[in-house]
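The structure under discussion appears below in the form of C-alpha cells.
These numbers come from the heavy atoms of this one structure, side chains and all, not from hydrogens, waters or symmetry mates.
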Amino acid sequence: MRYNEWRVSYGLLQNINGAIAGGGVSKSLSKVRKSSTKMLSVIREKERPLPNAWYRYIGCRKFSMLLLIAFALLVFALGSFVVNKDSTSPNVLQRIGTLGTVPYVNGGHHEASQILGEKDKKKDENRFQIPAFKGASVLPFRHPCVNFTFPPPPPPTRRRLGPRPCPVCYLPVDQAIASMPSSSSASPVLHNLTYVLNENPIKSEPHGGSDFGSAPLITFLIQHNNRKLCDFLYFIWCIFIKGSKPGHGTGFDFDESDLAELQQFHDIIVASAIFGNYDVIQQPQNISEEAKKNIPFYMFVDEETEAFMKNRSILSSSKRVGLWRIVVIHNVPYSDARRNGKVPKLLLHRIFPNVRYSIWIDGKLQLVVDPYQVLERFLWRQNANFAISRHYRRFDVFVEAEANKAAGKYDNSSIDEQVDFYKIEGLTPYSEAKLPITSDVPEGCVLIKEHIPITNLFTCLWFNEVDCFTSRDQLSFAIVRDKIMTKVDWSINMFLDCERRNFVIQSYHRDLLEQMPPPVPAVVRRPPALPNTRGKTPGKRIPRRGRDRRSGSSRHRKAAASNRDRNFF
C-alpha cells in the first residue's frame, strides 16, 4: 500500500470511529465515502504521470546529456561575463595600480604573534583601505596576500638548526609594478634638507668623528631636546663636506663618467659594495625583464678590489660584471674597509640625488627575488618608507654589544665606550614597554628605503654615529631611531629575519672561501662486469670444476687421493 493511500485509510478509520461514538452511523458513512473518494481523486491527480511525450524525452539519455551540456555552457558564459566585467573595471585597475600602498602586516608566525598579540593579528586580517593619492577616491580593496599565514614550525629535533627562510607572499611582477605609488610619500615635519659644505670643519665634541663625516648629529638632538625637529635640522652635516659636490674632491671620489651617470633619475636602484677585496660578486637571480630594463644594479668597489678583478679578467672596459655596473671609488676616507662600506650603504641618497627607491644588499648576499616584488612586499604594502629586518635572535643593544665583544668583532674598549655613552643619553634595555617597536637590534645587511627627507635624515644621523664610534651599525641603530621618534610621528618596518632570508642568500666572505678545502670530486664507481652466461641456463647453478673447487670439500680430497694412487702405481 502506498503511503498516501495509507494516510487516507487512517483518516477514514478516525472518521468512522468518531461517527460511531456520536451516533448517526449511516449519515457519517455516506459522508466518509464522499470525502474519501474526493481525497483519492486528488491524490491520483497529483500522482498522475507526466505526458507521454515529455516522459519519452526525459527518459532518453541523449536528451539528458544535451540538457546538462546546455546548462553547463550557460553557467560558464555567465561566470566569464562577471569575471570580464570585474577585470576590465577601471576601479579594479586603480585599486591594484596607481592608488598606491596597501598597508598589511603579515600575521600568523609564532614570533610575530608573540610580540604583537592576538588583537593586532585580528586587526591585520580585516578588510582595509588603500590611502588615496591626489585626486583619487578611497576604495576598499582586499589584497591577494591578506589571508596568507606562516605554516606551523617544524617539529623539534635533536639536531640544532640555525636561522632558516620562511615563506613570503609576493605579488606577481606585473601587479607589483602596478602597485608602485605615483608620487612620493609625505615626509612628516621635515620637508627639505640642505647639506652643509665646509672646507675646514671644526670639531668641538669629544666624539667629533673624522674630517669626512665631521659631526655626530645625535649630539644635536640631545642638546636641543626641548626644540622641534624642524628648528635646527634644515641644515645638517652629512659627509662629503669638503668639496663642491659629493664624489668630486670630497673623499670617496668617482670618475667623471661615473659621476655623470649617478646624477640621472631612476625610480629604483639596487646597490652593493665590496671593499678590500673582501667578498665575491654574487649575481642576482630570478630578475624580470622589466627590472633588467628599468632598474640599474650598482656595485661600488675600491682600487684594491678593482685590481684583483682585472687580474682575474673579471672586469673589462665595459665596467660590467653580469647585471652589476661597477663603480670604482678613489681616495677612500677610512683605512677600515668595513667602515668605507658604510658610506654607500647608509648614504645612497647623497650619491644618487635623483632616485626614489633603493635596495641595499651587502656584498656577500645574492638577490633571488625581483626588486619590484621586494619593494611591494616590504614598503608599498606596509605603507612604509624604510624597512630593515630585525636580528633573528637578539633584540637588545646591550646583549648585542656583549655578543660583538665575545666574537671579536671590534675592539672591546671601543664598544664599551659607545654603549656607555648611549646609556647616559637614555638608551634602556629592550622590553615589552617599547611595543609596537619589536626590536632594538637590526640585521643590517639589507636596507629598503624611499628617499624622502625624514629617511635621509635618519641615515645621515646613523652614519655619523658609525663615523664617531665603532663601525658596528647594529649598536647605533636604536638610539638614532628613538631620538627621531620622540619628535616625529614616524616608524620603521622591522620585518622578520626569516623573511629577509627568503629573498637573499648569504655566502661566505672571500677569506673564508679561500681557507675552505676544494670540493672533493665525485668518484664514479662502475658496476662489476656481469659474468658471461651465453648458452647457459639462467638461474641454474653451474658446478665448479678442477681448481675452481674449494680445497676443503671432501669430494675434492677423494679425487686428489685417487689421482695420487694412480700416479704411484
Side-chain angles (χ1 to χ4, degrees), residues 177 180 184 193 195 197 212 238-275 277 279 281-284 287-310 313-333 337 340-363 365 367 370-372 374-375 446-452 455-456 459-460 463:
I177 295 173
M180 182 170 63
S184 299
L193 280 179
Y195 305 103
L197 297 176
F212 182 64
C238 190
I239 74 167
F240 300 117
I241 60 174
K242 286 187 176 181
S244 59
K245 59 181 178 179
H248 185 76
T250 57
F252 208 85
D253 296 328
F254 310 114
D255 294 331
E256 289 296 332
S257 58
D258 294 335
L259 192 60
E261 182 174 344
L262 299 179
Q263 302 295 317
Q264 295 179 5
F265 173 80
H266 297 288
D267 279 322
I268 303 167
I269 64 165
V270 178
S272 185
I274 298 176
F275 289 91
N277 197 26
D279 292 300
I281 293 181
Q282 306 291 329
Q283 287 299 325
I287 307 300
S288 65
E289 293 300 324
E290 288 292 328
K292 292 178 182 179
K293 179 181 177 181
N294 299 319
I295 300 178
F297 291 72
Y298 290 101
M299 175 68 70
F300 297 94
V301 300
D302 56 359
E303 294 175 348
E304 179 184 353
T305 308
E306 179 196 19
F308 177 85
M309 295 171 67
K310 286 184 176 180
S313 300
I314 300 174
L315 181 62
S316 62
S317 59
S318 64
K319 294 186 177 182
R320 288 195 172 274
V321 178
L323 286 178
W324 293 108
R325 166 68 163 83
I326 306 300
V327 180
V328 181
I329 306 300
H330 308 284
N331 303 321
V332 291
N340 286 321
K342 297 299 188 292
V343 177
K345 174 180 179 177
L346 299 178
L347 301 170
L348 284 175
H349 65 280
R350 297 284 277 142
I351 301 172
F352 299 95
N354 299 310
V355 165
R356 292 185 63 196
Y357 299 95
S358 64
I359 299 175
W360 167 269
I361 60 174
D362 281 359
L365 300 181
L367 183 65
D370 192 83
Y372 287 113
V374 174
L375 284 164
V446 174
L447 303 181
I448 308 170
K449 176 185 175 184
E450 181 182 4
H451 293 201
I452 58 176
T455 59
N456 297 340
T459 51
C460 279
F463 176 80

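To the nearest 0.5 Å, atom OG1 of residue Thr305 and atom CG of residue Asn277 are 5.0 Å apart. Interatomic distance, Ile359 CD1 to Leu367 CG, rounded to the nearest 0.5 Å: 6.5 Å. Note that CG of Leu193 is 8.5 Å distant from SG of Cys238, once rounded to the nearest 0.5 Å. To the nearest 0.5 angstrom, Thr459 atom OG1 is 12.0 Å from Lys345 atom NZ. Distance CZ/Phe254 to CD1/Ile329: 4.5 Å, rounded to 0.5 Å. Residue Leu315 holds its CG atom at 8.0 Å from CD1 of Ile281, rounded to the nearest 0.5 Å.
The local environment of NE2 in His248 is sparse, with at most 12 non-hydrogen atoms from other residues, nucleotides or ligands closer than 6.0 Å. Summarising the local packing, NZ of Lys310 is surrounded by 12 or fewer heavy atoms from other residues, nucleotides or ligands at distances under 6.0 Å.
Under the rule for a salt bridge (Lys or Arg N to Asp or Glu O under 4.0 Å), Glu304 has no partner lying at least two apart in sequence or in another chain. Phe297 meets the ring-ring contact (aromatic ring centres under 6.0 Å, His included) test with Trp324; sequence neighbours excluded. Residues passing the salt bridge (Lys or Arg N to Asp or Glu O under 4.0 Å) test with Asp253: none are found, sequence neighbours excluded. Residues meeting the side chain to side chain contact (heavy atoms under 4.5 Å, CB included) test with Ser313, sequence neighbours left out: none.
Taking 4.5 Å as the limit, some side-chain heavy atom of Leu323 sits within range of a side-chain heavy atom of Ile287.
The shortest heavy-atom contact between Phe463 and Leu346 is CA-CD1, 3.7 Å. In terms of heavy-atom proximity, Asn294 sits nearest to Pro296 at O-CD, 3.6 Å.
Of the residues listed (Lys449, Glu450, Arg350), the one engaging Asn456 in a side-chain hydrogen bond (donor to acceptor under 3.5 Å, both in side chains) is Lys449, and it is the only one.
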Verdict with supporting geometry, Val446 and Leu365, side-chain contact (heavy atoms from CB on, under 4.5 Å) = CA-CA 9 Å; Val446 174; Leu365 300 181; 3.7 Å; yes

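Side-chain atoms of Gln283 come within 3.5 Å of backbone atoms of Val321 as a donor-acceptor pair (strictly under, hydrogens ignored).
Pairs of residues two or more places apart, or lying in two chains, that qualify as salt bridge (Lys or Arg N to Asp or Glu O under 4.0 Å) and include a residue from residues 315-328 are Asp255-Lys319, Asp258-Lys319, Asp258-Arg325, Glu261-Arg325.
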Side-chain donor/acceptor pairs under 3.5 Å, residues 263-275, sequence neighbours excluded:
residue, atom, partner, partner atom, Å
Ser272, OG, Ile361, O, 2.8
Ser272, OG, Gly363, N, 3.4

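Using bins of under 30°, 30° to 60° and over 60° for the plane-to-plane angle, the ring pair His451/His349 lands in the perpendicular bin. Using cut-offs of 30° and 60° for the angle between ring planes, the Phe352 and Phe300 rings count as perpendicular.
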